[in-house]
Every structure is written in C-alpha cells, then in structure tokens.
Protein chains: 2
Amino acid sequence: MAKRDGSSTLTENVTKKLRSDILSGQYEPGSPLTVSELAKGFDVSVAVVRESLTRLATQGLVLQNPNHGFSVKTASEEELNNIIQARSINESEALRLSIAHGDLTWESNVIAAHHKLSQTPEFKEANRTLAVREEWSDIHRQFHYELIAACPNPVLLDICRRLWDLSEFYRHYSTPRQQVRDGRAEHKALTDAVLSRDGDRAVEIFQAHIRLTADILFDNR
Amino acid sequence: MAKRDGSSTLTENVTKKLRSDILSGQYEPGSPLTVSELAKGFDVSVAVVRESLTRLATQGLVLQNPNHGFSVKTASEEELNNIIQARSINESEALRLSIAHGDLTWESNVIAAHHKLSQTPEFKEANRTLAVREEWSDIHRQFHYELIAACPNPVLLDICRRLWDLSEFYRHYSTPRQQVRDGRAEHKALTDAVLSRDGDRAVEIFQAHIRLTADILFDNR
DNA sequence: ATATTAACAATAATCGATTTTGTAAATATG
DNA sequence: CATATTTACAAAATCGATTATTGTTAATAT
C-alpha cells in the first residue's frame with residue numbers, strides 16, 4: 001500500500017479491503033481490530049486505519065467502544081432476524097417501486113444479471129476456493145441489486161445496500177452443510193414475477209426467499 | 001475543548017456538537033467544512049475533526065469528496081421527498097411493531113412525552129430564541145421516538161433514528177411562514193390511536209402527518 | 001488470606017508536522 | 001491574442017510521535 005493508488009485515496013482503498021475482508025469472513029466476529037497492527041499490515045499510518053474503521057463502525061460492520069478500540073461486529077440469531085426483517089421491509093418496497101418505474105434497459109439488465117447468476121455454480125462441487133465463492137457472492141448481490149435498481153429513491157436504495165452488507169456478514173459464518181441450498185428456482189421465479197411487472201407476487205417470493213435464508217443459516221428446522 | 005470531558009472522548013464531543021450545529025442550521029447547505037478551521041474553532045487537532053466529519057459523512061449529514069474535503073449536505077425538494085418516503089416505510093412498520101409489543105411502561109412514556117410536547121410552545125409567539133426552538137425540536141423528536149420505542153427491532157429503530165436526523169436537517173431551512181403550522185391536533189390523534197392499540201389508524205395518521213411536513217416545507221401548492 | 005494501592009505495559013486517542021493534491025495566478029509559447 | 005505551461009499557494013491526506021486511558025501484575029497493607 002503506502003503510496004496512493006490511482007486517483008483514489010489511501011483511506012478508500014483500506015476501507016474497501018477491510019470491508020471485503022470482514023464480509024468474506026477473514027476475521028472472527030467480535031475479534032479485536034487493533035489499529036496499530038492493521039496499520040503495520042497495510043503499511044499505512046494509524047490515521048488511515050482509524051478513519052477506515054470509523055467508517056465501517058458507522059455502517060455497523062465494526063464495533064467501536066470508546067477507549068477500547070474497534071472489534072469485528074458480533075453475530076447472533078436474533079440480530080440476523082432483525083436484519084432480515086428490516087431488509088424485508090425496505091427491499092420489498094424498493095422492489096415495488098422498481099417494478100413500477102423500470103424501463104426497457106432495466107428489464108434487460110435484470111435478465112442479464114439473472115442469466116449470469118443462473119450460470120454461475122455456487123457450492124455444489126466441493127473444493128471451491130474462497131475466490132470462487134466471493135465471485136458468486138458478487139454476482140448474487142448484483143442480481144438482487146438489479147431487481148431494485150429502477151427504484152427512484154436513492155435514500156431507500158442506500159438503506160438496502162447497507163442492510164445487504166449486514167446480512168452478507170452472516171453468510172460466511174454458517175456451517176458448510178448450510179450452504180447446499182440452491183436458490184436457483186427462487187431466483188427464476190423472482191425474475192419472472194419482476195419481468196411480468198407483478199409487484200405483489202414478486203414481493204411475496206422475495207420475502208419467502210430471504211426468510212428462508214435466515215432459517216437455513218441458523219438451522220431453524 | 002482541548003481536554004477530555006468526563007469519560008467520553010474528544011471525538012465524541014466534537015461529533016455531537018457538529019451534528020447539532022448542522023441540524024440547527026448553523027451552516028448553509030453545501031458550505032465547505034474546512035478541517036483545519038474547525039479544529040481551530042474547537043481547539044482540537046485535525047485528527048479529531050476529521051474523524052467526526054467522517055462519522056457524519058457516513059450518516060449522510062456531511063458530504064465527503066475525496067481530495068476535496070467535506071461540506072455540509074445539500075438540500076433539495078426531491079431528496080426531502082425521498083427521505084419522507086423512507087421514513088414513512090420504516091417508521092410505519094416500527095410503529096406497528098411498537099403498538100404490538102409495547103407494555104404498560106411504554107404506554108406511560110408515550111403519555112408523558114405527549115404531555116410534554118403539548119405543553120411546549122413551538123413558534124406561535126415571535127421572538128423565539130434559537131435555544132427555545134432547539135428545545136422544542138428535542139421534545140418533538142422524543143415524542144416521535146417514544147411512539148416507536150417498543151419496537152423490538154434495534155436495526156429498524158436505528159434506521160428510523162438516522163432518517164429522523166436527515167429530515168430534521170430540512171426543518172431549519174424553511175422560511176418563517178412555513179413554521180406556523182401547529183401539529184398539536186395531529187399529535188393528539190396519533191397518541192390516541194397508539195394508546196388504543198389501533199395500528200392501522202396510527203399508521204394512517206402518521207403518514208398524513210409526515211407527508212404534510214414535506215408539503216409545507218417546500219410549499220407544494 | 002484477602003483487600004488495597006502502586007507500578008507497569010499495552011493500546012487507544014490525540015497531536016503537530018510533512019507530503020500530496022487541486023486551483024488559480026503568472027509566465028511563456030505559438 | 002489565445003492557449004499552453006509553470007509556479008505558488010491553500011487545503012486535504014497522511015505520517016510518526018506524544019499523551020492518556022485501561023487492565024494487569026506486583027507490592028504492600030489489613
């Protein structure tokens with residue numbers, strides 16, 4: 001690191017890397033994030049790391065405890081349920097608005113995103129590297145984001161983005177067995193409902209979809 | 001400032017002061033927030049101010065432009081409408097959940113908060129000082145927060161809190177004439193609906209309430 | 001043996017200074 | 001005279017070091 005990369009700032013790069021490390025499960029939930037250690041690891045000053053951690057803390061991925069520094073956010077079934085509920089509320093509404101406002105270009109983007117997702121293997125085969133799983137995660141996120149992308153309310157979209165990060169955090173702390181579920185059929189049904197502009201049906205499918213995600217993660221039968 | 005106040009950290013104090021200054025309209029929307037100047041004003045180092053501004057930027061009250069520093073968030077009618085819509089979505093649901101889960105203590109708190117609000121003058125008389133208006137703002141906020149306080153989902157409550165800040169930002173950039181509206185009757189009706197545990201009616205009143213807020217601020221019609 | 005205080009080490013918070021970047025004035029070039 | 005290049009300056013970003021806080025261990029007292 002050390003020198004600024006392109007036009008962006010050091011803090012931006014470190015923040016991006018840290019967020020992705022946290023979301024991909026590189027740190028245990030609750031484990032301390034020592035500013036000086038991270039600074040050494042990234043080869044930057046403490047100010048840069050501190051600013052990065054401050055950003056992530058405000059977004060909820062990192063916990064800040066005055067005079068006790070930073071730590072990775074903790075995980076609990078209760079919190080996941082709360083995140084899912086918040087996602088359900090906001091993303092459902094964004095989905096409705098997106099369906100109501102989307103134009104032809106948006107339709108095409110939805111189809112493209114779904115096609116890409118449907119052709120990308122998730123966890124079926126064993127010996128998947130971390131990189132492969134990260135790639136699937138990105139494509140999955142992109143698919144869900146395309147669905148609501150035509151929502152004309154950026155404030156609402158921003159809330160959805162943040163909630164996605166929070167729920168993404170949990171994906172990586174599930175046991176391998178829990179990864180077997182294949183949402184392929186659900187994604188297909190969701191895409192069909194969206195493209196036929198059926199808001200009610202799309203929301204219904206979507207809510208079942210994320211509810212199931214939570215159930216599987218914590219194995220609620 | 002200079003020395004740490006109580007058990008809290010310098011950054012926390014500066015952040016609190018800055019947020020309150022921004023929300024009470026001390027700075028023009030879009031005006032630059034120069035780190036070194038603020039540091040001089042608060043008598044702290046630039047690191048403290050920078051961390052404060054970073055926090056506020058992540059919350060949306062401050063804009064950060066890489067290599068161009070920070071500025072106060074800008075204001076537009078369109079954005080206010082988006083904020084109001086997001087508030088409507090989230091606060092309505094929080095209100096329903098709160099009504100469904102609230103206990104006797106919560107009821108008492110709602111009654112107390114409403115009483116306090118109803119007995120506090122807003123803008124009727126002229127020559128109101130800034131401090132008086134700030135006091136009303138706090139009490140008003142407290143009232144609305146009590147209504148949803150029994151909502152068992154902290155993630156949702158956090159979203160509501162942030163959205164409140166964003167919409168509070170607009171209250172202070174309205175012309176004096178727009179301040180005359182008296183929400184007293186609406187607050188009373190809302191309180192009654194909440195206490196009678198009528199979720200549908202409460203949500204209905206609430207949505208009309210905040211919609212009207214937006215209309216008045218930008219004088220729609 | 002337990003409680004209290006003192007000294008220490010680790011890390012967080014804060015600082016003042018240095019480097020980098022963006023902008024605008026000044027100068028040069030065609 | 002218009003455009004390009006250089007220079008100078010202000011502010012942002014980053015750094016390395018200093019100071020403060022907290023938790024822990026050793027020493028002392030009860």
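All values below come from the heavy atoms of this structure, side chains included, with hydrogens, waters and symmetry mates left out. Since this is a predicted model, take the numbers as computed values, not measurements.
- Aromatic ring orientation, B:H209 versus B:H187: perpendicular (interplanar angle above 60°, classes split at 30° and 60°).
- Regarding B:E51, its CD atom lies at a distance of 15 Å from the P atom of D:dT14, rounded to whole Å.
- One interatomic measurement links the two molecules: CG of A:L10 to C1' of D:dC15, which rounds to 10 Å at whole-angstrom precision.
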In residues 69-76 of chain B, what donor-acceptor pairs under 3.5 Å come from side-chain atoms, sequence neighbours left out?
residue, atom, partner, partner atom, Å
B:K73, NZ, B:E79, OE1, 2.4
B:K73, NZ, B:E79, OE2, 3.1
B:S76, OG, B:E79, N, 3.0

Can you check side-chain contact (heavy atoms from CB on, under 4.5 Å) on B:V49 and B:L53, steps first, answer last?
-> CA-CA 6 Å; B:V49 172; B:L53 288 173; 3.8 Å; yes
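- Two residues, A:V46 and A:T11, neighbour DNA chain D, and the one matched to the more 5' nucleotide by heavy-atom proximity is A:T11.
- Of the candidates C:dT14, D:dC15, C:dA17, D:dC15 carries the atom nearest the A:A47 side chain, counting heavy atoms from C-beta on.
- We find that CD of A:Q64 is positioned 10 Å from P of C:dA12, with the value rounded to whole Å.
- Spacing between atom CG of A:N65 and atom C1' of D:dT21 amounts to 13 Å, rounded to whole angstrom units.
- Under 4.0 angstrom from either OP1 or OP2 of C:dA12 there lies no side-chain N or O belonging to A:N67.
- Within the 4.5 Å cutoff, side-chain heavy atoms of B:L23 are placed close to those of B:R19.
- Checking the phosphate oxygens (OP1, OP2) of C:dT14, a side-chain nitrogen or oxygen of B:T9 falls inside 4.0 Å.
- A heavy atom lying under 4.0 Å from DNA chain C marks the following residues of residues 27-40 of chain A, by number: A:T34, A:V35.
- Counting heavy atoms from C-beta outward, A:T15 and A:T11 have side chains that approach closer than 4.5 Å.
- A salt bridge between B:K40 and B:E37 is absent, with no side-chain N of the basic residue lying under 4.0 Å from a carboxylate O of the acidic one.
- Comparing A:H68 and B:S45, the nucleotide of DNA chain C nearest to each residue sits closer to the 5' end for A:H68.
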